[in-house]
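For reference, positions follow the sequence shown, starting with 1.
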Amino acid sequence: MERTNQQIAEKLNLMAELLEIKGENVFKVRAFSRAADTIDRYGSPLSSCDEQSLASIPGIGKNIARKIREIVETGTFQELEEEKSGIPDSLIELLRLEGIGPKTVSTLWKKLSVQSIDDLEREARNHRIRALRGFGEKKEESYLKAIAVYREQSGRMTRLEADDVVDRIRSAFSPGTYEVAGSYRRGKSTVGDIDVVTTEPAHAVNPRLRSIADAVIDEGEKRTSVRVLGKRVDVRFSRPQQFGSMLLYLTGSKAFNIRLREIAISKGYKLNEYGIEDRAAGIKKDFAGEQEIFSFLSMDTVVPELREDWGEVERALARALPELVRQDEIRGDLHVHSSWSDGRLTIEELARKGEQMGYEYLVCSDHSATLGIAHGLDETALNRQAHEIEAVNRSSSCRIIHGIEVDILADGTLGLPSRALADLEIVIASVHSGFSQERDIMTRRVLSAIESEHVDIIGHPTGRILGRRQPYAIDMDRIIDHAQDTGTALECNASPYRLDIDDVHIRHAIERGVRIAIGTDAHDPSEFDHMHYGVTTCRRGWATASDVLNTRSLNDLLEWKS
């Protein structure tokens, strides 16, 4: 099995964290951490490289190169397993909590014998953590909040993780005989279990599922449940003539299904996963496809992304559903990074990647210098970058738009002076620090950026990282209203770890006439493909092509900016 760079980096980073928890040599910790960062951001797959090639990469060296080969061949390396054997798994799980790193875990372990999330919760609720030097009441509160978030998110997958599971199970089904349902099909930002409906018989599918599953939970003629890549997959076997009804039911949402059943009842029918029954005559009708059901109920077909009972049923009955934005209408990416800051591609490589994607334009929006960890750009670097972009644009069919992702500082000022921002074509302003500010302070901080004449887009407006960091406290209603007043766009960050802003805020924004800018925030070539996650999130927010800046031509986009 081929190991991705990210999988290799995760193992090395875990090694660094375990060493830090144990209080090992700081230089050894840094070596593993630096190697993990190097590999995670490396531009090409390393699984096929030999030790000598790996050792020649700056930041790796001979010792770690050997460990990388071990990971590629076995999935781990001996030294890591030895370190893990001396630390409870439940202690390592603490690292998944927001705001808790290896040093904190080490202190809690050594001072309070905390070895699990349950231990941490008990100590926090009994107010013992605040007695430790460097800790306090706010730390206790933040830990309890982080635990609640983790428990809420545990078991749910990002879209990227869900895609990995779906890709793995495809081989168990013949093409054209199945559909993935549930929250995955509806395009939710996180996914629970994977639900599949198939018309193939169980005796054909079950052996294939067994061959790819980590474990079989339950196996039968009507339903089979397995665990794949650690996640639950539920398969329902349907007769071909009832496939539409079963797919509709298992796609959900629960609220949508209830509302649809109410519509059926009002027309004298009973709707369930097997079809529609005329309650007076007792005659049952089967449906091989979903569209037939909507047509039977005299309504427009509701696409899966809208099935949340947010008014879509009433709009469908009135034949007034919006024409949602489509992937093939996207003409460019409004937020990417280059090697000038923390991206992996040069400006020329960005242009070639844009051409490969079929885009008219890409907004090169590297970090401003105030975000030190991202090797940001100051005025001098921006001027030099402008010359390189100009030269590349002469020979590229994909126009590189010169932009910046400028920091919104804690006091609401921007990380670059106005004279630097004035020369740029697109300015994205984002919060990258000070996430714990109070709601009113954070809101006024972002409002201040919106008021800047140079800011065109507010990047990832709530700052969330799915499964790891909750949105910071911010009044999005005020943000949306002010963006409307100033003509500022709000970003739908298409990274599967963000999807920020979410579908609810997108709908509120477009109802007020605020434009949405989809940006992949790509740092790596593979991340350009995340655009479809942003499009799906916008569709869930009822966005049409006219609501999304990415559907505009280059000239129209630059005219909007001006």
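For residues 183-193, every residue pair satisfying the salt bridge (charged side-chain N to carboxylate O under 4.0 Å, His left out) rule, not counting sequence neighbours, is listed here: R185-E290, R186-E308. Contacts classified as salt bridge (charged side-chain N to carboxylate O under 4.0 Å, His left out) and involving residues 552-562 (residues at least two apart or in different chains) are given here: D456-K561.
A side-chain N or O of D163 and one of Y184 form a donor-acceptor pair less than 3.5 Å apart. Side-chain N/O atoms of E388 and W340 include a donor and acceptor closer than 3.5 Å. No side-chain N or O of T380 forms a donor-acceptor pair with one of N383 less than 3.5 Å apart. Side-chain contact of T520 with E527: a donor-acceptor pair under 3.5 Å is absent, judged by distance alone. Side chain to side chain, D440 and T443 fail the donor-acceptor criterion of an N or O pair below 3.5 Å.
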Salt bridge (charged side-chain N to carboxylate O under 4.0 Å, His left out) between D164 and R159: does it pass, once the steps are laid out?
CA-CA 9 Å; D164 287 341; R159 297 293 306 183; over 6 Å; no
Pair T551, E329 - check side chain to side chain donor-acceptor pair (under 3.5 Å), show working.
CA-CA 5 Å; T551 65; E329 294 177 298; over 6 Å; no
Evaluate side-chain contact (heavy atoms from CB on, under 4.5 Å) for D475 paired with R439, printing each intermediate quantity in order.
CA-CA 7 Å; D475 188 338; R439 188 170 190 256; 3.6 Å; yes
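Smallest separation of non-hydrogen atoms from Q385 and S338: NE2-OG, 3.7 Å. Nearest approach of D502 to T537, heavy atoms of both residues: C-CG2, 4.1 Å. The minimum heavy-atom distance linking L490 with I457 is given by the pair C-CG2, 4.4 Å.
Heavy atoms of other residues, nucleotides or ligands lying less than 6.0 angstrom from CD of E10 number more than 12. More than 12 heavy atoms of other residues, nucleotides or ligands sit less than 6.0 Å from atom OH of Y359. Counting non-hydrogen atoms of neighbouring residues, nucleotides and ligands closer than 6.0 angstrom, the CD atom of E355 exceeds 12 such neighbours.
One distance of note links CZ of R539 with CG of L306; it measures 7.5 Å at 0.5 Å rounding. How far CG of L345 is from OG of S339: 7.5 Å, rounded to the nearest 0.5 Å. Here C492 contributes atom SG and L499 contributes atom CG; the two are 6.0 Å apart, rounded to the nearest 0.5 Å. Atom CZ of F528 sits about 10.5 Å away from atom CG of D521, to the nearest 0.5 Å. Taking CD1 from I408 and OG from S452, the interatomic distance works out to 9.5 Å, rounded to the nearest 0.5 Å. Here R156 contributes atom CZ and L466 contributes atom CG; the two are 10.0 Å apart, rounded to the nearest 0.5 Å.
Residues passing the ring pair (Phe, Tyr, Trp, His ring centres under 6.0 Å) test with F287, sequence neighbours excluded: F296. By the salt bridge (charged side-chain N to carboxylate O under 4.0 Å, His left out) test, D378 is found to be paired with no residue, residues two or more places apart in sequence or in another chain being considered. Legend: residues meeting ring pair (Phe, Tyr, Trp, His ring centres under 6.0 Å) with F243, ordered by chain and number and at least two apart, are absent.
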Indicate every side-chain donor-acceptor pair of residues 409-422 with a distance under 3.5 Å to a residue at least two apart or in another chain.
residue: D411; atom: OD1; partner: T413; partner atom: N; Å: 3.1
residue: D411; atom: OD1; partner: T413; partner atom: OG1; Å: 2.6
residue: R419; atom: NE; partner: E379; partner atom: OE1; Å: 2.9
residue: R419; atom: NE; partner: E379; partner atom: OE2; Å: 3.4
residue: R419; atom: NH2; partner: E379; partner atom: OE2; Å: 3.0

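Separation of the H432 and H460 ring centroids falls under the 6.0 Å cut-off.
Remark: R464 fails to qualify as a cation-pi partner of F435 under the 6.0 Å distance and 45° angle criteria applied to the six-membered ring.
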